[in-house]
Amino acid sequence: PINPLEGIRSHIYPSLLAGHPDLENLDDLIARTESLLDDPALKNAVCFSHGFFMKFAKAYAACERDRTKLAETLASMPPIGYLECVGL
């Protein structure tokens, strides 16, 4: 059987990177992610968020903020699990 969540997960990041008008603007999402990663007050902080944003932030950090590697990194990264702890 097809898992609807997997269908969404397989399409949302490519659509985001392609600039789909129904999704947050990629530049805005990157700016929000960078503010999270760069804020010294947030070092060693716990962030609770949905899997979409946490996977994006984790992938963005993993590809060393290189937009040319972001699509490949997102595609190869497994989904964030329910209540999973993620180190950035």
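These numbers were taken from a predicted model, which means no experiment stands behind them.
- Note that OG of S35 and CG of L42 are 8.0 Å apart. Values are rounded to the nearest 0.5 Å.
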- Task: Evaluate salt bridge (charged side-chain N to carboxylate O under 4.0 Å, His left out) for D38 paired with R65, printing each intermediate quantity in order.
- Result: CA-CA 12 Å; D38 294 340; R65 305 178 188 208; 2.7 Å; yes
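- When the side chains of ILVMFWY residues are joined at heavy-atom separations under 4.5 Å, either directly or via intervening members, L17 and I8 end up in two distinct hydrophobic clusters.
- Residues I12 and L70 are members of one and the same hydrophobic cluster, defined by side-chain heavy-atom contacts under 4.5 angstrom among Ile, Leu, Val, Met, Phe, Trp and Tyr.
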- side-chain contact (heavy atoms from CB on, under 4.5 Å) between F52 and L23, worked out: CA-CA 12 Å; F52 165 79; L23 297 172; over 6 Å; no
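- Among all heavy-atom pairs drawn from K55 and M77, the shortest one is NZ-O, 2.9 Å.
- Counting heavy atoms of neighbouring residues, nucleotides and ligands inside a 6.0 Å radius, atom CD of E24 exceeds 12 of them.
- Counting only heavy atoms from C-beta outward, the side chains of I30 and R67 approach each other to under 4.5 Å.
- Of all heavy-atom pairs between L37 and A61, the closest is CD1-CB, 4.4 Å.
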- Check against side-chain contact (heavy atoms from CB on, under 4.5 Å), L16 and H20: CA-CA 6 Å; L16 170 74; H20 194 285; over 6 Å; no
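- For the pair R32 and F53, the cation-pi test (distance below 6.0 Å, angle within 45°) is passed.
- Heavy atoms only, all atoms of each residue included: T73 and A59 are closest at CG2-O, 3.6 Å.
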- Item | Step-by-step side-chain contact (heavy atoms from CB on, under 4.5 Å) determination, Y60 to L74 | CA-CA 8 Å; Y60 191 64; L74 280 165; over 6 Å; no
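- Tracing side-chain contacts under 4.5 Å through hydrophobic residues (I, L, V, M, F, W, Y), one reaches M54 starting from L26; they form part of the same cluster.
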